[in-house]
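Down below is the structure, laid out as structure tokens.
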Amino acid sequence: MTDIIELKATDLAAMLCSRVCHDLINPIGAIGNGLEVLADPNQADMSEGARDLIASAAKQSRAKLEFARLAYGASSTAGTDIDTRECERVARILFDIEKADLEWDVPLILLPKHKAKLFMNMLLIAAGSVPRGGQVSARISGPAGEEKFEFSSKSDPEKRQKTLVPSGSAGLLSGMPDEGSVDARGIQPFYTGLLARMTDMELDIGIEQDVFFFTALPKSKDAVEASAAEETKAEDVKVEETKSEDLKAD
């Protein structure tokens with residue numbers, strides 16, 4: 001059985017930073033290009049277009065930064081819970097620059113911080129299932145502590161783009177990517193899977209009758225205990241391997 005990849009904290013932080021930089025480099029570059037045009041007296045006839053470019057790029061940059069702050073960072077929320085109204089605010093800012101429409105069916109509740117991060121990262125993956133546009137639905141149900149996260153999406157038929165499961169996401173979510181390693185390109189779904197394991201949620205992703213689905217359900221008590229036992233066993237094996245290597249070195 002393939003082991004779940006464990007990243008060092010420094011590697012995880014570095015890859016998430018790379019992901020944020022990748023998302024921001026194009027809009028930030030566009031702002032720079034627009035400012036260069038405005039500063040050039042020989043391109044005065046292009047000033048209106050340059051202002052439109054700057055405004056659009058600034059909107060994209062803000063949306064991506066707001067999302068990254070909540071989904072990856074510590075954010076400035078007090079305590080350990082996040083209000084779903086904040087999740088909705090950030091989600092709608094993000095979907096203002098996405099090609100898909102968002103249907104939000106989430107009650108006004110407080111979510112533990114890591115669960116809120118999981119929900120927002122799942123939302124981003126769901127948006128990626130309809131790259132040319134369509135409808136994305138986000139839903140939370142269930143009592144406190146046993147919340148169920150449900151996402152679905154379907155492509156706009158006029159765009160002639162099939163609804164898809166983002167490439168490699170299933171393996172990355174499980175912590176066991178097909179390539180056997182993870183890099184900055186796949187860190188977002190990998191991080192999503194990490195959050196699910198931290199919050200004892202079971203993920204399921206796929207396509208059914210041309211509709212994308214992505215769910216996170218709370219693990220049963222037996223499953224949580226079994227998972228904890230597996231982790232303890234794996235740690236014991238690592239300790240024994242380290243001792244064995246130390247004895248060989250001596």
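When all heavy atoms of K148 and P218 are compared, the pair lying nearest together is CG-CD, 4.1 Å. Shown here for I31 and S61, the closest heavy-atom pair between the two residues is CD1-OG, 4.2 Å. The nearest pair of heavy atoms linking P166 to F212 is CD-CE1, 4.2 Å. Closest non-hydrogen pair, K115 versus G145, comes out as NZ-O, 3.5 Å. Taking all atoms of both residues into account, the shortest heavy-atom contact from A91 to L102 is CB-CD2, 3.9 Å. Closest approach of L173 and P189 over heavy atoms only: CD2-O, 3.3 Å.
S174 places a side-chain N or O within 3.5 Å of a backbone atom of M176 that can act as its donor or acceptor partner. Judged by distance alone, the side chain of S18 and the main-chain N or O of A14 form a donor-acceptor pair under 3.5 Å. Remark: the backbone N or O of Q161 is paired with a side-chain donor or acceptor of S155 at under 3.5 angstrom. Remark: the backbone N or O of N121 is paired with a side-chain donor or acceptor of Q188 at under 3.5 angstrom. Of the possible donor and acceptor atoms, none in the side chain of E66 sits under 3.5 Å from a partner among the backbone N and O of K64.
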Show, in sequence, the C-alpha distance, side-chain angles and deciding distance for S129 and T163, and conclude whether the side-chain hydrogen bond (donor to acceptor under 3.5 Å, both in side chains) test is met. CA-CA 6 Å; S129 68; T163 307; over 6 Å; no
Check against side chain to side chain contact (heavy atoms under 4.5 Å, CB included), M120 and C87: CA-CA 7 Å; M120 297 303 288; C87 294; 3.7 Å; yes
Could you go through D178 and L172, starting from their C-alpha distance and side-chain angles, then the distance that decides it, and tell me whether this counts as side chain to side chain contact (heavy atoms under 4.5 Å, CB included)? CA-CA 8 Å; D178 299 335; L172 289 161; over 6 Å; no
Does I82 form a side chain to side chain contact (heavy atoms under 4.5 Å, CB included) with L110? I'd like the steps, not just the answer. CA-CA 5 Å; I82 294 178; L110 290 174; over 6 Å; no
Might you work through the side chain to side chain contact (heavy atoms under 4.5 Å, CB included) test for K154 and V130, ending with a clear yes or no? CA-CA 7 Å; K154 188 173 178 61; V130 285; 5.7 Å; no
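Under a hydrophobic-cluster definition in which Ile, Leu, Val, Met, Phe, Trp and Tyr are linked whenever side-chain heavy atoms come within less than 4.5 Å, directly or via other members, L118 and V165 are assigned to the same cluster. In this structure, M122 is a member of the same hydrophobic cluster as V106, with clusters built from ILVMFWY side-chain heavy atoms closer than 4.5 Å. Hydrophobic clustering, with ILVMFWY side chains joined whenever heavy atoms are under 4.5 angstrom apart, groups I28 together with L65. Cluster membership for F149 and L217, using ILVMFWY side-chain heavy atoms within less than 4.5 angstrom, is not shared. I125 and F213 end up in different hydrophobic clusters when Ile, Leu, Val, Met, Phe, Trp and Tyr side chains are linked at under 4.5 Å.
F95 has its ring centre no less than 6.0 Å from the ring centre of F67. Between W104 and F151, the distance separating the two ring centers is not shorter than 6.0 angstrom.
For NZ of K99, the number of neighbouring non-hydrogen atoms (other residues, nucleotides, ligands) closer than 6.0 Å is 12 at most. The 12-atom threshold is not exceeded at CG of D210, counting heavy atoms of other residues, nucleotides or ligands nearer than 6.0 Å.
Using bins of under 30°, 30° to 60° and over 60° for the plane-to-plane angle, the ring pair Y72/Y191 lands in the perpendicular bin.
Taking a cutoff of 4.0 Å between a charged side-chain nitrogen and a carboxylate oxygen, E103 and R139 do not qualify as a salt bridge. Between R89 and E86, at least one side-chain N (NZ, or NE/NH1/NH2) sits under 4.0 Å from a carboxylate O, which counts as a salt bridge. The pair R92-D96 does not count as a salt bridge, with every side-chain nitrogen at least 4.0 angstrom from each carboxylate oxygen.
One finds the SG atom of C17 at 11.5 Å from the CE atom of M15 (value rounded to the nearest 0.5 Å). Rounding to the nearest 0.5 Å places CG of L111 at 6.5 Å from OG1 of T84.
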